[in-house]
Number of protein chains: 2
Amino acid sequence: EEVRVKAITHSGDMLKIVLLGVPNQPGVAAQIFKALSDFSVFIDMIIQSEGREDYKDLAFVASREDEEKVRKAIACLEKELSFQGMKFDETMSRVSLVGAGIASSPNIAYRMFNALARAGINIDMISTSNSRISCLIPRDLMEEAVKVLHEEFIMQEVRLNEEV
Amino acid sequence: EEVRVKAITHSGDMLKIVLLGVPNQPGVAAQIFKALSDFSVFIDMIIQSEGREDYKDLAFVASREDEEKVRKAIACLEKELSFQGMKFDETMSRVSLVGAGIASSPNIAYRMFNALARAGINIDMISTSNSRISCLIPRDLMEEAVKVLHEEFIMQEVRLNEEV
Ligand SMILES: C[C@@H](O)[C@H](N)C(=O)O
Ligand SMILES: C[C@@H](O)[C@H](N)C(=O)O
């Protein structure tokens, strides 16, 4: 496996916010992030996937201490943009695998998702870039998640090196 | 703005695949990526966001030349996993902003989304990691997207440097 996992990282106390059913047309994402920018909200992740008909759900993760600022930003937004609902969820946290080019290997993604599954950890959200695979998982299972991912990816390497 | 955009990148001919309404329980993402791994499908992005009730949509982007392999992997998957539907979409392409720490600044995200909106480009999917903001947009608008993002982020820098 020439692509290697270099590190496992996780976030602290996060707040997941989902704007449900925003109109799927140009300018809507800009409106949302203008409001967040006006209140200087620090963003950890942005995830928008498939929607239904002409609507999308736009999810983002901020730090819990910014909750007040996020609520103010959304209160301003609601004056100019209509959407079907919103969700605030403080029970999630992010765990990531980091390593050059790892996101392109379906085998590394499989091993990560499988290690979490064996530990009974449900994956709430997934987002990747070329050198990182991130999952939102229940915060109270974070320690367990880091442990099983460490065993799957880092320990393996150590064991391999010892054998030679 | 201490965080700076270093580059604008875009992908070639991509294929977006969405598995609609997969069960939201541990092990499902692992099953999907086991099937893709068995057929050595090269993955460009994985995006899973908010779902509804006990279901999630799992979207991933592969290269168009792997379409046959993806279809075979999904045919195998369908024998063991039930989901509500699937979508294959060859009309999308990925454009990304790259720079250390850019995803945490809501202002950079706003400027990116706004530059695309001013050009009338609709954002189909969004995914971030700490140093990259990626958007799936219509492939036939890719050149326009790269041009407007270049003007917004790279030209600005050049102009600023000239002034001093
Ligand atoms: C939908 C899928 O991601 C599921 N939640 C899992 O953990 O595998
Ligand atoms: C939903 C939102 O992303 C919209 N498609 C936009 O381009 O702004």
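Chain naming here is simple, since letters A, B, ... match the order of the sequence lines and numbering starts at 1 in each.
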**Item:** Per-residue contact mode, B/Ala103 against chain A (heavy atom under 4.5 angstrom)
**Value:** backbone
**Fill in**
With chain B, the option among A/Ser129, A/Ala119, A/Ala59 that has the most non-hydrogen atom pairs under 4.5 Å is A/Ser129
**Asked** Under a 4.5 Å heavy-atom cut-off, does chain A meet the side chain of B/Lys34, its backbone, both or neither?
**Response** both
**Complete:** Ranking B/Glu50, B/Met112, B/Arg132, B/Lys16 by heavy-atom pairs under 4.5 Å to chain A gives rank one to B/Glu50
**Item:** Max heavy-atom pair count under 4.5 Å with chain B, selected residue of A/Leu36, A/Asn114, A/Ile46, A/Ile47
**Value:** A/Ile46
**Prompt:** Among A/Gly51, A/Ala115, A/Gly120, A/Ala35, which residue forms the greatest number of heavy-atom pairs with chain B at distances under 4.5 Å?
**Reply:** A/Gly120
**Contacting moiety of B/Asp38, where chain A heavy atoms sit under 4.5 Å** = neither
**Asked** Is the backbone N or O of A/Gln48 less than 3.5 Å from a side-chain atom of B/Ser49, with the two atoms forming a donor-acceptor pair by type?
**Response** no
**Complete:** Honestly, the part of A/Val41 sitting under 4.5 Å from a heavy atom of chain B is backbone
**Item:** Contacting region of B/Ser104 [heavy-atom separation from chain A under 4.5 Å]
**Value:** both
**Request:** Pick one of side chain, backbone, both or neither for A/Leu58, based on which atoms fall under 4.5 Å of a heavy atom in chain B.
**Result:** side chain
**Minimum-distance pair of heavy atoms, taken over all atoms of A/Asn24 and B/Asn122** = OD1-ND2, 3.0 Å
**Structural part of B/Arg52 lying under 4.5 Å from a heavy atom of chain A** = side chain
